[in-house]
Amino acid sequence: MPELPEVETIVRRLRTELIGHKIESADLLWDRTLVTPKPAHFKKNIVGQSISTVDRRAKYIVISLSVDTLIIHLRMSGDILIREESAPIHKHDRLILHLSDGHYLAFSNMRKFGRAWLTPNPDDVLGKLGPEPLSDHFTAEMLYERLQQHKRQIKPLLLDQNFLAGMGNIYTDEALYLAGLHPLAKSDLIKRKQAQILWRSIRKVLEEGIRRNGTSIDWIYRGGDFQNYLQVYGRKDEPCFKCGRPIQKMMVGQRGTHFCPRCQGNEGAD
DNA sequence: ACGAGCGCCTGTCGGC
DNA sequence: TGCCGACAGGCGCTCG
């Protein structure tokens, strides 16, 4: 489910609900949720620490504690819920943190792909990520140069978190449509001008996604509004808003890929 | 270096 | 109605 805008939306909410509270106890309900440390050490290490900041890096939720950093990746079906202590645990809850303010945090994760790390060295987890697409550090020229360094299909490249950190399947399809670029276009053939347009498109769809509190397609992630503004994702066989021809769907790198064959050029350069 | 295929999981949907 | 395969907001691994 969550890509950068959804994680950002969750992080902003958590920031108002978590900061300053102490972790009184913890329950690990699905051992493989935790990458590190070993389940036996986790409880002992985290209990007693207080939450100082909540941030996002790419699709990771980064929670700074008194001593360690708790990092959570929601993967396909994860969500973070804050509930009153009296509220019952849900079926898909995998990790529970009981807080000092009478609430508990639940890491819900239907498909069990989500992961958590408790570590004194967050860089061990986050260190290899590519640039943050909405930061000032990420410029159009930087994108152009990085595109030249690979000879790869543009869509899988944008999904590669070491190339650019935070894009997922929905926002990548939307950005490529906005930029008029075919999903299979080769990265090294993209001209400087096209890279600028792609850069602007990436920032636009992500900013708009955040402004709309993310995309809510089904019951897994609620509260978002961006699904009402999607141009291609989930619109197979429906008319392109620009040219009226049906949106096509194909598989690219094992991911469903939506595009307009007329507005998004060909597989070559554009 | 690159791309295809698979595994990890649970749930939903469409076709027969 | 029931069964069965395809597919789903992600990512890490192997193999040519």
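Chain letters run A, B, ... following the sequence lines, proteins first and then strands; every chain starts at 1.
Heavy-atom distances under 4.0 Å link DNA chain B to A:W30, A:R32 of residues 29-38 of chain A, given in residue order.
Distances were taken from every side-chain heavy atom of A:M110 (C-beta onward) to each of B:dG11, C:dG12, B:dC2; the shortest belongs to B:dG11. Distances from the side chain of A:K249 to the nucleotides B:dC2, C:dA8, B:dT10 place C:dA8 closest. Among C:dA8, B:dG5, C:dG10, the nucleotide with an atom closest to any side-chain atom of A:R75 is C:dG10.
Listed pair A:H150 / B:dA1 fails the phosphate criterion, with no side-chain N or O lying under 4.0 Å from OP1 or OP2.
Across all strands, A:Q254 comes closer than 4.0 Å to base atoms (heavy-atom distances). Counting non-hydrogen atoms under 4.0 angstrom, A:K91 reaches the backbone sugars and phosphates but no base. Using a 4.0 Å heavy-atom cutoff across all strands shown, A:G214 reaches no nucleic acid atom at all.
Between A:F113 and B:dC9, no base-stacking contact is recorded for ring centres under 5.5 Å apart and planes less than 30° from parallel.
Remark: DNA chain B takes part in the stems B:2-8 with C:10-16, B:10-16 with C:2-8, each of 3 or more antiparallel Watson-Crick or G-U pairs, criterion distances under 3.5 Å.
Interatomic distance, CG of A:D55 versus CZ of A:R12, reported as 11.5 Å (0.5 Å rounding).
Using modelled atom types and a 3.5 Å distance limit, the side chains of A:Y221 and A:E3 yield no donor-acceptor pair.
A:T172 places no side-chain N or O within donor-acceptor distance of the main-chain N or O of A:M167, the cut-off being under 3.5 Å.
The side chain to side chain donor-acceptor pair (under 3.5 Å) test with A:H98 is passed by exactly one of A:E85, A:H103, A:H21: A:E85.
Comparing C:dG2 with B:dC9, their P atoms are spaced 29 Å from each other, to the whole Å.
You'll find a donor-acceptor pair under 3.5 Å spanning the side chain of A:R111 and the base of C:dA8, going by distance alone.
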